[in-house]
Amino acid sequence: MQTSESFVLSALLSFSGGLQDAYTYNVRGRVFANAQTGNVVLMSQSFMQGEIARGLHYMGPLAAFALGIFIAERIENRYKDSKAFHWRQIIILIEMIVLAVVGVMSSKLDIPANMLVSFACAMQVQTFRTVRGYGYASTMCIGNLRSGTESFSQYLRSKNKDALFKSLHFFGIILFFAIGAGFGGVVSSMVGIRTIWISTVLLLLAAVMMIQKKSSI
C-alpha cells in the first residue's frame with residue numbers, strides 16, 4: 001500500500017479539506033471551496049433572481065475547481081513514471097504555494113482567493129482518491145457517507161468483517177472532515193484571513209510522510 005492510501009494521511013487531508021471549506025465560507029464571502037453542488041445552487045438562484053454579479057461570485061470557484069482537476073490529471077499523466085520524485089508530491093507543493101498566497105490576499109480579493117482555494121481543493125481530490133484501496137474523497141462528504149452506509153448495511157446483512165472495516169474507514173474520514181470544519185470555523189473567527197496557512201502546514205506534514213515512507217523502502 002502506498003503512503004498516499006494510508007488512513008493517517010487521508011485523515012490529515014480530510015481535516016485540511018474541512019478547514020478549507022469553513023475558511024472560505026466564514027472568511028471569504030460565504031462561498032464553499034469544496035462543495036461545488038452548493039455553489040451551483042447559489043449561482044443558479046442568483047442568476048434567476050437577476051443578481052448577475054452575485055451569480056458570478058459563485059461561478060468563479062466552479063471554473064477554478066474544474067481547472068484544478070484538469071491540471072492535476074495532466075501532471076499525473078506527464079510525471080507518473082518519474083523515478084526522481086512522485087507526481088503527488090508536485091501536487092502537494094502546488095497546493096501549498098497556492099494556499100500560502102491566499103493567506104496574504106486581502107478581503108477585497110475574496111473572489112480570486114476563493115477560486116485559488118477551489119483550485120487547490122480540486123487538485124487534492126483528483127490526486128488522493130483511495131484510502132486502503134477504497135475510493136473516497138478528501139474534500140467532501142456525500143460520496144463517503146454513501147459508501148460508508150452501504151458497507152455498514154452489507155456488514156449487518158452478511159456479518160462480513162471486511163465490510164465493517166471498510167465502513168469504519170469512510171466514517172472515520174467524515175469525522176476528521178467534520179473536526180477540520182469545526183476547527184476551521186472557530187479559528188477563522190479569531191485569526192481571519194491567515195487561517196488558511198494551517199492547511200499549508202498540514203500539507204507539508206503530508207509531504208514529509210510521503211518522503212519518509214519512500215526513504216524507508
Side-chain angles (χ1 to χ4, degrees), residues 2-25 27-28 31-36 39 60-80 82 84-105 109-131 136-141 144 173 176-177 179-181 183-184 187-188 191 193-214:
Q2 296 185 13
T3 308
S4 60
E5 295 186 24
S6 71
F7 180 81
V8 174
L9 182 63
S10 300
L12 190 67
L13 294 174
S14 294
F15 184 98
S16 177
L19 186 149
Q20 291 167 40
D21 242 357
Y23 170 79
T24 55
Y25 187 81
V27 179
R28 295 292 189 176
V31 172
F32 292 109
N34 305 325
Q36 298 304 322
N39 289 336
L62 279 168
F65 194 91
L67 180 62
I69 297 291
F70 180 82
I71 296 298
E73 196 281 332
R74 301 288 287 187
I75 291 174
E76 177 184 5
N77 183 67
R78 184 180 180 91
Y79 295 105
K80 62 183 178 181
S82 173
F85 48 80
H86 199 289
W87 66 272
R88 288 188 175 91
Q89 293 171 329
I90 300 176
I91 301 295
I92 289 181
L93 178 60
I94 294 173
E95 278 192 82
M96 290 172 58
I97 294 172
V98 168
L99 297 181
V101 170
V102 171
V104 298
M105 298 174 70
L109 299 172
D110 279 351
I111 292 179
N114 285 328
M115 291 176 66
L116 287 175
V117 176
S118 291
F119 176 82
C121 288
M123 295 190 79
Q124 178 173 306
V125 77
Q126 174 67 14
T127 303
F128 298 92
R129 290 175 287 180
T130 55
V131 51
Y136 87 112
S138 63
T139 62
M140 56 196 76
C141 291
N144 298 333
I173 292 298
F176 276 97
F177 182 93
I179 294 173
F183 178 81
V187 174
S188 63
V191 180
I193 288 172
R194 291 175 176 78
T195 302
I196 197 64
W197 286 347
I198 297 174
S199 279
T200 302
V201 174
L202 294 174
L203 290 170
L204 177 60
L205 291 176
V208 170
M209 287 176 61
M210 295 178 69
I211 292 171
Q212 289 181 337
K213 180 66 175 180
K214 184 177 180 180

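- Here the straight-line distance linking atom CE of M123 with atom CD1 of I69 works out to 9.5 Å at 0.5 Å rounding.
- Here the shortest heavy-atom pairing between S118 and F65 reads O-CD1, 3.6 Å.
- To the nearest 0.5 Å, atoms CD1 (I94) and CG (L99) are separated by 11.5 Å.
- Checked by atom type and distance alone, the side chain of N114 pairs as donor or acceptor with a backbone atom of R28 at under 3.5 Å.
- The aromatic rings of F176 and F7 lie perpendicular to each other, with more than 60° between the two planes, well past the 30° mark.
- Counting all heavy atoms, side chain and backbone alike, I173 lies closest to A11 at CD1-N, 3.9 Å.
- Looking at heavy atoms from C-beta onward, F128 lies in side-chain contact with L9 at the 4.5 angstrom threshold.
- In this structure, the side chains of M115 and I111 come closer than 4.5 Å at one or more pairs of heavy atoms.
- Between the side chain of Y23 and the backbone N or O of I193 there is at least one donor-acceptor pair closer than 3.5 Å.
- Of all non-hydrogen atoms in L19 and T195, the two that sit nearest each other are CD2-O, 4.1 Å.
- Here F183 contributes atom CZ and S188 contributes atom OG; the two are 10.0 Å apart, rounded to the nearest 0.5 Å.
- Going from atom CD of E73 over to atom CG of N77 covers 5.5 Å, rounded to the nearest 0.5 Å.
- Here the closest heavy-atom approach between residue V31 and residue P61 is recorded as CG1-CG, 3.6 Å.
- Distance alone, capped at 3.5 Å, is enough to place a donor-acceptor pair between the N144 side chain and the M140 backbone.
- Counting heavy atoms from C-beta on, the side chains of Q36 and N39 come closer than 4.5 Å.
- Judged purely by atom type and a 3.5 angstrom limit, T127 has no side-chain atom pairing as donor or acceptor with the backbone of Q124.
- Taking both residues in full, the closest heavy atoms of L12 and L202 are given as CD2-O, 3.4 Å, listed atom of the first, atom of the second, then distance.
- W197 has its side chain out of reach of V191: every pair of non-hydrogen atoms, C-beta onward, lies at least 4.5 Å apart.
- The structure places CG of L204 at 12.5 Å from CD of E95, a figure rounded to the nearest 0.5 Å.
- I92 and A206 make their closest contact through CD1-CB, 4.2 Å (heavy atoms, listed as atom of the first residue, atom of the second, distance).
- Using modelled atom types, one finds a donor on one side chain and an acceptor on the other under 3.5 Å when comparing Q20 with S16.
- Atoms OH and CD1, on Y79 and I91 in that order, are 10.5 Å from each other to the nearest 0.5 Å.
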